[in-house]
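Structure record follows, encoded as structure tokens.
Atoms considered below: every heavy atom in the structure, side chains included; atoms not considered: hydrogens, waters and symmetry mates. Model, not experiment: these values are computed from the prediction. One-based numbering, in listed order, for ligands and for the atoms of each.
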Amino acid sequence: MPLGLSTRLLTAGADAVAAAGRCLREGGLVGFPTETVYGLGADAANPAAIARLYQAKGRPAFNPLIAHVGDLKAAEAIARFDSQARALAQAFWPGPLTLVLPKAQNCPVADLATAGLDTVAVRIPSHNVARALLQAFGGAVVAPSANRSGHVSPTTAAHVLADLDGRVDLILDGGPVEVGVESTIIGCFDEPMLLRAGGLPREAIERLLGRALLAPQELEDTDSPHPLAPGMLASHYAPRARVRLQATDVRPGEALLAFGPAALPGLDKAVAVMNLSESGDLTEAATRLFGYLRTLDTYGAAGIAVMPVPGHGLGEAINDRLRRAAA
Ligand code: TXA
Ligand code: MG
């Protein structure tokens, strides 16, 4: 149901970015592109704006948000960096990496955005429009992915509009995103921990740290009072159709999400076929994943059969999102 706002959709030029910065200062909600997925931004220091953001997404307020900033100085006003965290920041920011760190003293991010935790998630995005918006606004912007809670993340402005028309003030259209899956989240505790596989492959992080990352916490329910990554519940990214993984055939009534050459039994009867990458390129597959899941879901197929995708590099994040879509 719309919340009665009239949502402005603007092509991301200088005037539009300035308008979006004003909108954030006035406590408004702005959809904007990052290199990973589109985010829904609010002033990180404005609890009323953040409350509206949770409402617009239909997101439970115990699920904390990522604070987006323009540079390391702004990040250090929010969170405490140890030597490992600083090494990660220097190597991979700006880019598709989020660090969960202890809050700094006088952390400007509102408690509502961190769900009362004593840690905070921070990232410096690399997308030009995101960076311009952060500069125009002049402070930290909390931004979850700009989808309704439970839907797959948006990789185009049209996806944002489809989910949030009438629920947000403004959407900046910066074209399709580059990466296509959300940022990799690392918990910088005594032992660095992979909280969410994402757009920065685990291998690159482990090479830099010279050690293996602890395994992601598989959280199947919300019973734990302080889940490490509260948003990583099993069914977070679900399309409407039933998703069947590791498919080696197409069954009656199913659409096919293919990867690589797709000569499967039953292919001729598939409701629809979309190929994440004919040549088996994981980077290309990541950029297409969420859009293809959205599109296949519109065919009204009983199910979506998904071919196996290798697990290395961006394949770890792709397989993680596919498992959630199937849960
Ligand atoms: O690529 C991305 O990360 C996108 C773009 C917009 O930046 N954002 C994004 O936000 O994916 P969201 O809210 O959809 O996912 C953020 C995840 C959630 O699973 C949340 O539980 C986790 O980060 N998170 C946030 N703060 C945390 C904290 N202090 N400790 C552990 N997990 C945290
Ligand atoms: Mg999300």
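The closest non-hydrogen atom to atom 10 (O) of ligand 1, taken over P144, G116, A79, comes from P144. Checking A146, A113, S183, A130 against atom 3 (O) of ligand 1, the nearest heavy atom belongs to S183. Taking all heavy atoms of P64, P96, P154 into account, the minimum distance to atom 25 (C) of ligand 1 is reached by P64.
Using a 4.5 Å cut-off between side-chain heavy atoms of Ile, Leu, Val, Met, Phe, Trp and Tyr, with links allowed through other members, L40 and V129 fall into different hydrophobic clusters.
Taking distance alone, with nitrogen or oxygen atoms compared against 3.5 Å, K57 stays at or beyond that limit from ligand 1. By the 3.5 Å distance cut-off applied to N or O atoms, T34 is not counted among the residues near ligand 1. No N or O atom of E182 sits closer than 3.5 Å to an N or O atom of ligand 1. Below 3.5 Å of separation, one finds an N or O of T36 facing an N or O of ligand 1.
Those atoms of ligand 1 with a heavy atom of S145 less than 4.0 angstrom away are 8 (N), 9 (C), 10 (O), 12 (P), 14 (O).
More than 12 heavy atoms of other residues, nucleotides or ligands lie within 6.0 Å of CG in D268, so this atom counts as buried by the packing criterion. Heavy-atom neighbours of R240 CZ from other residues, nucleotides or ligands within 6.0 Å: at or below the threshold of 12.
With a 4.0 Å heavy-atom cut-off, ligand 1 is reached by the side chain of I66 but not by its N, CA, C or O.
No donor-acceptor contact under 3.5 angstrom links the side chains of R321 and S153, judged on distance only.
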